[in-house]
Amino acid sequence: SEELVFRRTGLGGGPADRQADRTVHLSVQNASASKLDYFQKQRIKVDVYLTDIGTAVIRASITIDNSAPKNASPSYQLGPRGASQRIPGEYVARVYFWGPRGSSQAEGVVESGLVLNSTAVSVGPGTSGTVVFNAAIPKAVRNGRLELRLVPQPTLFPADLTVKIHAPGWSVHGEETLSRPWDRTMTVSWGLEQ
């Protein structure tokens, strides 16, 4: 009963509890035993390409900036720790992308009510690494609107988020590009006419 209160107020539950067919969630997890999360910052770009039949193709690019010091000595915080980390400060990450329920994603699996893809990336100290995920949402335009619910990963430093719609042949009503810190769940929507 206590958990139900948290879920009803939006303080608990999974990302698919609301609007699962319009929800996108991203997560970056440290895959080594080091303590490097403090040094990583994310930049996320979500490009939405709208086809003439109303399918929305989402291209989510996640760039991880690793500000850990280069040429550091081994330590508990910087590693290397575990089989996957080779040098101190190397950020070995598992990156997860949950696309909307019912979306088409190459090698996607249904998980937590959404469609999940994942990959691994290693980002050296003082460098950046980018991974890209794609999802297609059929019949994404409903009653002249396209809406996406974006659920962030709680992190010490919120990711920088940019969302842009590309809709050739459509008249777009609303901000075509949105940039802001991704520090809370947000819904982006556009009015669309052909």
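What you find for Gly79 and Ser34 is that their closest heavy atoms are N-CB, 4.2 Å. For the residue pair Leu26 and Trp182, the shortest heavy atom distance occurs at CD1-CZ3, 3.8 Å. What you find for Gln42 and Gln153 is that their closest heavy atoms are NE2-OE1, 3.5 Å. Here the closest non-hydrogen pair linking Ile62 and Ala60 is CD1-O, 3.9 Å. The shortest non-hydrogen separation linking Ala31 to Ser84 is O-OG, 3.6 Å.
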Pair Thr155-Val28, side-chain contact (heavy atoms from CB on, under 4.5 Å): steps then yes or no: CA-CA 9 Å; Thr155 56; Val28 176; over 6 Å; no
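Side-chain heavy-atom separations under 4.5 angstrom define the hydrophobic clusters, and the remaining members of the one that includes Val109 are Tyr96, Trp98, Leu114, Leu116.
Leu146 and Val151 are not part of a single hydrophobic cluster, where members link through side-chain heavy atoms under 4.5 Å apart. Hydrophobic clustering (ILVMFWY, side-chain heavy atoms < 4.5 Å, transitive): Phe157 and Phe39 are in one cluster.
In this view, Thr63 and Thr130 satisfy the side chain to side chain donor-acceptor pair (under 3.5 Å) rule, not counting sequence neighbours. Partners of Glu176 under the side chain to side chain donor-acceptor pair (under 3.5 Å) rule, at least two apart in sequence or in another chain, do not exist in this structure. For Arg142, the salt bridge (Lys or Arg N to Asp or Glu O under 4.0 Å) partners are Asp21, not counting sequence neighbours. For Arg59, there are no salt bridge (Lys or Arg N to Asp or Glu O under 4.0 Å) partners at least two apart in sequence or on another chain. Residues that satisfy the side chain to side chain donor-acceptor pair (under 3.5 Å) test with Arg149, not counting sequence neighbours, are Thr23.
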Show me the donor-acceptor pairs, under 3.5 Å and distance only, between side chains in residues 48-55 and residues at least two apart or in other chains.
unit_1, atom_1, unit_2, atom_2, d
Thr51, OG1, Ile53, N, 3.4
Thr51, OG1, Thr55, N, 3.1
Thr51, OG1, Thr55, O, 3.3

What side-chain donor-acceptor pairs closer than 3.5 Å can you find for residues 85-93, not counting sequence neighbours?
unit_1, atom_1, unit_2, atom_2, d
Gln85, OE1, Arg81, N, 2.8
Gln85, NE2, Leu78, O, 2.9
Gln85, NE2, Glu90, O, 2.9
Arg86, NH2, Glu90, OE2, 2.9
Glu90, OE1, Arg86, N, 2.7
Tyr91, OH, Asp37, OD1, 2.6

Review item, side-chain donor-acceptor pairs of residues 160-168, under 3.5 Å, at least two apart:
unit_1, atom_1, unit_2, atom_2, d
Asp160, OD1, Lys41, NZ, 3.4
Thr162, OG1, Ser179, OG, 3.1
His166, NE2, Asp47, OD1, 2.7

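For the side chain to side chain donor-acceptor pair (under 3.5 Å) condition, the pairs that include at least one residue of residues 119-129, sequence neighbours left out, are Asp65-Ser128. Evaluation of the ring-ring contact (aromatic ring centres under 6.0 Å, His included) test over residues 102-126, restricted to residues two or more places apart or in two chains, returns none. For the side chain to side chain donor-acceptor pair (under 3.5 Å) condition, the pairs that include at least one residue of residues 184-194, sequence neighbours left out, are Arg145-Ser189, His173-Glu193.
Judged by distance alone, the side chains of Ser27 and Gln29 do bring a donor and an acceptor atom under 3.5 Å apart. No hydrogens or angles considered: a donor-acceptor pair under 3.5 Å links the side chains of Gln105 and Asn117.
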